[in-house]
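Inspection log for the structure reproduced underneath, given as structure tokens.
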Amino acid sequence: GRGGNNNNINGGGRKKGKNDNNKRGDGNKNQDKRPPRPGGKRNPKPKRGQFPNSNFYANGYSASRKYKNICLDDPPDRYRTCLSRVEDPSNDLPEGGCDKVRRNSYNLGAQLYKKGRPIPQGVPRPYAKPYLRRELGEGRTEGKMHLSFFRVSKKITCDDIIAIEEATLRYLGDNVGGDLTFRPACVFVEESSADVHEMRAADGSIVSTTSLRVEVISTTTAAFLKELEGRQRRRNGGSSSRGGRRDGRGRRGLQYGRTCDTANHHLCCFQESINSNQGKYCRTLGCEYSWCKDDRI
């Protein structure tokens, strides 16, 4: 009958097989959005961080995500707040840019370190010492000083410590040293050194005077170190008065004492910059201040 003919036209009423062309689209199994590579394998999807303009690191971690501050304490990381140098090939700072503290990238590296995971290239590694320029024969100089300031009374947190470290490092970097002499590289606040004295302000609020011990790590060029040591030897053997004399450039500096080594020279320069005063201790040492902010040797 007519119905039978219709059934024959539509396939005779049988069920469609799994290989029928009408199962999905035209049934062409070779059809795919991505053409196969030679050998029959598909082209793999690009991985996050695979391209230089990507917002991801090579292992997929976001470079634009905000990571919380981390203060590693077993042991404490003395290099958690350091200026990343443009000359350092291990970071991703653009050539011709400025040195800076890469806090968010460091926090990512510290987080991966705590979890025992690999740290991608370009991310600052915890406990890594500051970069040295070999062409200038740079060395690291370390010294400690105390900072005292007024603040609203509260417990000092990791965020507070890092804020103090960053503010101190940026200030010293802008006001002390130079590319051809010495440069502040890292600042580390010892959390256990906090000494807090509370007092009541005029408005009735509780205000704290907080003293912290701060370690400053500087990089010193070989030429500047040689010049400092040479001046110290000449002045120790000379008859210059302790009040100092003018040097060849017309700048007055104090006489070098026997205990004014490179670390004390840098620390006294830091103190003079912050306090606008040399201080009794530095005057006793007899350190010279004429090159605290000078790029010429």
Side-chain angles (χ1 to χ4, degrees), residues 69-73 75-84 99-103 106-107 110 124 126-127 129-130 140-178 181-201 205-220 254 257 259-289 291-293:
N69 290 330
I70 296 179
C71 294
L72 298 174
D73 56 4
D77 185 4
R78 299 165 54 222
Y79 310 108
R80 66 187 170 210
T81 303
C82 293
L83 285 173
S84 293
D99 301 340
K100 65 178 183 179
V101 177
R102 301 171 60 221
R103 174 60 55 198
Y106 171 86
N107 290 336
Y127 305 103
K129 296 180 179 180
R140 300 181 187 92
T141 306
E142 304 173 358
K144 296 181 180 181
M145 62 182 183
H146 285 83
L147 289 180
S148 299
F149 53 94
F150 290 98
R151 59 192 297 274
V152 178
S153 179
K154 67 173 185 177
K155 182 180 179 180
I156 297 180
T157 65
C158 175
D159 292 339
D160 297 330
I161 293 295
I162 287 178
I164 295 171
E165 291 175 346
E166 291 187 0
T168 304
L169 180 58
R170 290 193 180 100
Y171 178 84
L172 295 178
D174 291 341
N175 293 277
V176 181
T181 53
F182 70 102
R183 302 189 295 180
C186 306
V187 169
F188 171 67
V189 173
E190 300 179 7
E191 293 96 327
S192 60
S193 69
D195 185 14
V196 180
H197 297 278
E198 294 186 349
M199 62 183 65
R200 188 170 297 276
S205 61
I206 301 298
V207 180
S208 298
T209 303
T210 305
S211 177
L212 294 170
R213 186 164 57 244
V214 179
E215 181 180 42
V216 182
I217 301 172
S218 306
T219 57
T220 307
L254 294 179
T259 56
C260 188
D261 56 9
T262 306
N264 278 326
H265 170 271
H266 296 355
L267 288 173
C268 289
C269 284
F270 300 153
Q271 176 174 312
E272 185 187 37
S273 175
I274 294 174
N275 296 339
S276 299
N277 187 286
Q278 297 170 359
K280 181 178 179 180
Y281 179 71
C282 287
R283 287 195 297 270
T284 302
L285 292 178
C287 286
E288 165 145 7
Y289 301 95
W291 283 354
C292 285
K293 183 63 176 176

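Position 1 is the first residue of the sequence; numbering continues from there.
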>> Please find the pair of heavy atoms, one from Ile156 and one from Asp160, that lie closest to each other, and give the distance.
In response: CA-OD2, 3.6 Å
>> Please report the interatomic distance CG(Asn107) to SG(Cys158), rounded to the nearest 0.5 Å.
In response: 8.0 Å
> Does any non-hydrogen side-chain atom of Pro130 lie less than 4.5 Å from one of Arg140?
Replying inline: yes
>> Do Gln271 and Tyr281 make a side-chain contact, defined as non-hydrogen atoms from C-beta onward lying under 4.5 Å apart?
In response: no
> Does Glu190 have any salt bridge (Lys or Arg N to Asp or Glu O under 4.0 Å) partners at least two apart in sequence or in another chain, and if so, which?
Replying inline: Lys144, Arg213
> So do Phe270 and Val176 actually touch side chain to side chain, heavy atoms under 4.5 Å?
Replying inline: yes
> Excluding sequence neighbours, so at least two apart, what forms side-chain hydrogen bond (donor to acceptor under 3.5 Å, both in side chains) with Thr81?
Replying inline: Arg103, Glu165
> Is any side-chain heavy atom of Cys292 closer than 4.5 Å to a side-chain heavy atom of Glu272?
Replying inline: yes
> How far apart are the closest heavy atoms of Ile161 and Glu191, and which atoms are they?
Replying inline: CG1-CG, 3.9 Å
> Of all residues at least two apart in sequence or in a different chain, which pass the salt bridge (Lys or Arg N to Asp or Glu O under 4.0 Å) check with Asp99?
Replying inline: Arg85, Arg183
>> Restricting to non-hydrogen atoms, name the atom on Ala110 and the atom on Pro126 that form the minimum distance, rounded to 0.1 Å.
In response: CA-CG, 3.8 Å
> Of all heavy-atom pairs between Lys293 and Asp174, which one has the smallest distance, and what is that distance?
Replying inline: NZ-O, 3.4 Å
> Which residues satisfy the ring-ring contact (aromatic ring centres under 6.0 Å, His included) test with Tyr127, sequence neighbours excluded?
Replying inline: Tyr113
>> For a quick test of reading the model, state the closest non-hydrogen atom pair linking Leu83 to Pro184 and the distance between them.
In response: CD1-O, 3.7 Å
> In Å, rounded to the nearest 0.5 Å, how long is the span from CZ of Arg102 to SG of Cys82?
Replying inline: 12.0 Å
> So, for Tyr106 and Ile70, which heavy atoms are closest and what is the spacing to 0.1 Å?
Replying inline: CE2-O, 4.0 Å
> Is the backbone of Cys71 close enough, under 3.5 Å, to the side chain of Arg80 for a donor and an acceptor to pair up by distance?
Replying inline: no
> Under a 4.5 Å cut-off applied to non-hydrogen side-chain atoms, are Leu172 and Ile274 in contact?
Replying inline: yes
> To the nearest 0.5 Å, how far apart are CD in Glu215 and CG in Leu267?
Replying inline: 10.0 Å
>> Please enumerate all residues that pass side-chain hydrogen bond (donor to acceptor under 3.5 Å, both in side chains) together with Asp159, with sequence neighbours excluded.
In response: Asn69
>> For the backbone of Ile164 and the side chain of Thr168, can you confirm whether one donor and one acceptor N or O come within less than 3.5 Å of each other?
In response: yes
> With sequence neighbours left out, what residues match Thr220 under side-chain hydrogen bond (donor to acceptor under 3.5 Å, both in side chains)?
Replying inline: Thr141, His266
